[in-house]
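Chain letters run A, B, ... following the sequence lines, proteins first and then strands; every chain starts at 1.
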There are 2 protein chains.
Amino acid sequence: MEIPGVVIARLPLYAQALEALAQKGEEVVSSQRLGEALGITPAQIRKDLSYFGRFGKQGRGYNVAGLLGSIRQILGLDRQWRMALVGVGRLGRAILSYEGFAPQGFHIVHAFDVDPEVVGRKFESLVVRHVRELEETLAQEPVDIGVVAVPPEAAQEVIDRLVRAGVRAILNYAPMTPRVPPGVQVRRIDPVVLLETMTYYLKGQEGVRFLQGRDPLFLR
Amino acid sequence: MEIPGVVIARLPLYAQALEALAQKGEEVVSSQRLGEALGITPAQIRKDLSYFGRFGKQGRGYNVAGLLGSIRQILGLDRQWRMALVGVGRLGRAILSYEGFAPQGFHIVHAFDVDPEVVGRKFESLVVRHVRELEETLAQEPVDIGVVAVPPEAAQEVIDRLVRAGVRAILNYAPMTPRVPPGVQVRRIDPVVLLETMTYYLKGQEGVRFLQGRDPLFLR
DNA sequence: GGGGATTTGTGCTATTTATAACATTTTTTG
DNA sequence: CAAAAAATGTTATAAATAGCACAAATCCCC
Ligand SMILES: NC(=O)c1ccc[n+]([C@@H]2O[C@H](COP(=O)([O-])OP(=O)(O)OC[C@H]3O[C@@H](n4cnc5c(N)ncnc54)[C@H](O)[C@@H]3O)[C@@H](O)[C@H]2O)c1
Ligand SMILES: NC(=O)c1ccc[n+]([C@@H]2O[C@H](COP(=O)([O-])OP(=O)(O)OC[C@H]3O[C@@H](n4cnc5c(N)ncnc54)[C@H](O)[C@@H]3O)[C@@H](O)[C@H]2O)c1
C-alpha cells in the first residue's frame, strides 16, 4: 500500500500536539479535540490514522501516550538519527547550539566548512573538519541526514557531495532548489519564501478578510 | 476568481529560480527549463501563471526579468513590509542579524521581550521593548507581519497579542500550532517537523528507494 | 521569406485529496 | 440495566489539483 506524502507530513503535527496534551496530563483525546487543536477536521485525522492501523476506541477516543508512541514508531522516531552539518557560519553555529533536535532523537555528529578560520575550531564540543574530508569521514562514520547551511551558490555542490557520500535526506537552509537523484529526500527551510506566500493575502488591504482557498499544509 | 493557495505557494519558488537565472544573465526561459530547475512539470507552471495573465510568448518562452517583475507584483513584493519580532533570545538575535530579509523588502522595525536582561538593550540598532508595550507601540507604528521566537508555552499568548494589535500575518518559529481567527495568516518554521517527515522514508532502510507519492510542495 | 521547430495558453481528463455520513462499539447516565 | 450519548473506522461522495494534448503563435535558419 502506498501512503500519500501529505499524510506523512501531518503525522509530526499530530505527534507535537499529542506531546503537548501529555504534558498537560491528558490521558485520552478524541479526533474532534485533536482536530480543534490543529485546525484539521476530525474525519481527516481518523482517515490518516486508518492507513496505519486502529488506534482508537469507539465511544472513548485515543490514548494520548499510546497514540503518540505509535506515531513515533511509524515515523521512525523510536531510534536515534545522525546528522552532518555543512557550513559553520552564523546560521550553522545557531543550528549546532539548538537544543530542540536532541530530545527528538536528532544528533549532529560532524560539522564541515571550507573557511580556514573555522576549520579546526570547536563548537559545542564538535571539531569542524574541512569539507574535502566529507566523503572519507562519512565512509568511516556514516550519517542519515545532511544539514546544509552554506551560501546558495555553494549549496548544490555540497548537496552533490553529501549524496555521493550516501546521504539520502537533506535539510536545506540555503535559499535555492537543489537537484537530487530520485530516492533522496529534501526539505527546505526558507523564511523568506514563507513570508512571500503571506504578502499575497495581505496586499488585498484592510478590507478583504477571506481570500484563501484551503491552506496548503504549512499553515498554522 | 479564487486562486488556489497551493498556486500562491509556488510563486515564490518561481521568483527565486528566476532571480538565479537573471543573475546568470539569462534573458528568456521556457516553462520546460524552469520546470527542470524546480522539479515541477511545465504544464503546472503554465497553468499557475495563467491564473494571473499571459506572460509568455509562443515559440520563445518567458522574459526572465519581465516574469520576475510580474510575479513580484502579484505577491505584493513591489513594496516594503514592516515586521515586529517577539522574543529576542538566541534565535531572535539570529533573526535580527539575518541579511536575507531586507533584499526582498522585509524589515524588522520593532523587537519585544520580557526578560529584564534583554529589554532596553540594543541589537542591530534596534532597542528591545517590553512586550507589555506591544499594543501601544504597534498602534503608533503599525507592522504588517509578526515574527514569533518565544518558547512554545508563551507563543499562543504572544500571537493573541499581535492579532489584537491588528497584525494579520505571523511567521512562527515556536514548535506549536497556534489558534488564530480567520483571515490571519500563519506560517510555521520548524526544522524538527521537517526532519520527522523524512525519517519515515529513511527507516525503510537501505533497500527501498521509491516509497513516496507525490511530494507535498515543501520538497526540494 | 517559407518551412520546420518551439513553446505558449487552455479545455479536457485523470488523479489525488478531503469531507460527509453511517454502522458499530463503548461509555455514561438515570 | 436500558437508553442516550460519544466516538471510531470505513465506505461513498465531493472537491481540489495535476497532467495531457493540441491549436495558435512565434522564432530561427537557410
Ligand atoms: N533558512 C534560514 O532560516 C536561514 C537563516 C539564515 C541564513 N540562511 C542561509 O544559510 C546560509 C548561510 O548563512 P550564514 O548567515 O550562516 O552565512 P555565513 O557566511 O555566516 O556562513 C556560511 C558558511 O558556509 C561556509 N562555506 C561556504 N562555501 C562552502 C562549501 N563549499 N563547503 C562548506 N562550507 C562552505 C563558509 O565558510 C561560511 O562559514 C545562506 O545560504 C543563507 O541564505 C538561512
Ligand atoms: N524554528 C527554528 O528554526 C528554531 C530554532 C531555534 C529555536 N526555535 C524556537 O524558538 C523559540 C526561542 O528559542 P531560543 O533558543 O531563542 O530560546 P531563548 O530562551 O534563547 O529565547 C526566548 C526568548 O523569548 C523571551 N520570552 C519568553 N516569554 C516571552 C513573552 N511572553 N513575551 C516576549 N518574550 C518572551 C525570553 O525572555 C527569551 O529572551 C523556541 O520556541 C524554540 O523552540 C526555533
Inset, instruction - Please tell me which of the listed nucleotides, dT19(C), dT17(C), dG9(D), lies nearest to the side chain of Lys47(A)? - result: dT19(C)

Legend entry - d(CD1, Ile45(A); P, dA7(D)) in whole Å: 13 Å

Legend entry - Pairs satisfying salt bridge (charged side-chain N to carboxylate O under 4.0 Å, His left out), at least one member in residues 156-167 of chain A, at least two apart: Glu135(A)-Arg161(A), Glu135(A)-Arg164(A)

Inset, instruction - In sequence, state the C-alpha distance, the side-chain angles, and the governing distance for Phe52(A) and Leu11(A), and then conclude on side chain to side chain contact (heavy atoms under 4.5 Å, CB included). - result: CA-CA 11 Å; Phe52(A) 304 99; Leu11(A) 294 184; 3.9 Å; yes

Legend entry - Atom-to-atom span, CZ of Arg54(A) to C1' of dT10(D) - whole angstrom: 9 Å

Under 3.5 Å, which donor-acceptor pairs link side chains of residues 59-71 of chain A to any protein atom two or more places apart or in another chain?
residue	atom	partner	partner atom	Å
Asn63(A)	OD1	Ala65(A)	N	3.1
Asn63(A)	OD1	Gly66(A)	N	2.7
Ser70(A)	OG	Gly66(A)	O	3.1

Inset, instruction - From the options dT27(C), dA18(C), dG9(C), select the nucleotide whose nearest atom is closest to the side chain of Arg10(A). - result: dA18(C)

Inset, instruction - Ignoring hydrogens and angles, answer whether the base of dG9(D) and the side-chain atoms of Arg46(A) contain a donor-acceptor pair closer than 3.5 Å. - result: yes

Legend entry - Distance, rounded to the nearest Å, where Asp48(B) contributes CG and dT8(C) contributes P: 13 Å

Inset, instruction - May I ask you to decide if Asp144(A)'s main-chain N or O and Arg82(A)'s side chain share a donor-acceptor pair within less than 3.5 Å? - result: no

Legend entry - Lys57(A) side chain near dT25(C) phosphate (N/O to OP1/OP2, under 4.0 Å): no

Inset, instruction - Report the nucleotide, chosen from dT8(C), dT26(D), dG19(D), that has the shortest atom-to-atom distance to any side-chain atom of Gln44(B). - result: dG19(D)

Legend entry - Side-chain heavy atoms of Ile8(A) within contact of Leu75(A), under 4.5 Å: yes

Do any N or O atoms of the protein come closer than 3.5 Å to N or O atoms of nucleotides 1-6 of chain C, and which pairs are they?
none

Legend entry - Phe52(B) CZ - dT8(C) P separation (whole Å): 17 Å

Inset, instruction - Specify the separation, in whole Å, of atom CZ of Arg33(B) and atom P of dT8(C). - result: 12 Å

Legend entry - Length of the line joining Phe55(A):CZ and dT10(D):P, which is rounded to integer Å: 11 Å

Inset, instruction - State the OG-CD1 distance between Ser30(A) and Ile45(A), to the nearest 0.5 angstrom. - result: 9.0 Å

Legend entry - Val7(A) or Tyr62(B), whichever maps to the more 5' nucleotide of DNA chain C: Tyr62(B)

Inset, instruction - Taking Arg179(A) for its side chain and Gln156(A) for its backbone only, find out whether a donor-acceptor pair lies under 3.5 Å. - result: no

Legend entry - N or O in side chain of Ser31(A) less than 4.0 angstrom from dT8(D) OP1/OP2: yes

Legend entry - Rounded interatomic separation in angstrom, taking CG from Leu49(A) and P from dT8(D): 9 Å

Inset, instruction - Mind calculating the distance between CD (Glu2(A)) and P (dT15(C)) to the nearest angstrom? - result: 15 Å

Inset, instruction - Determine: side-chain N/O of Thr41(A) to OP1/OP2 of dT19(C), distance under 4.0 Å, yes or no. - result: yes

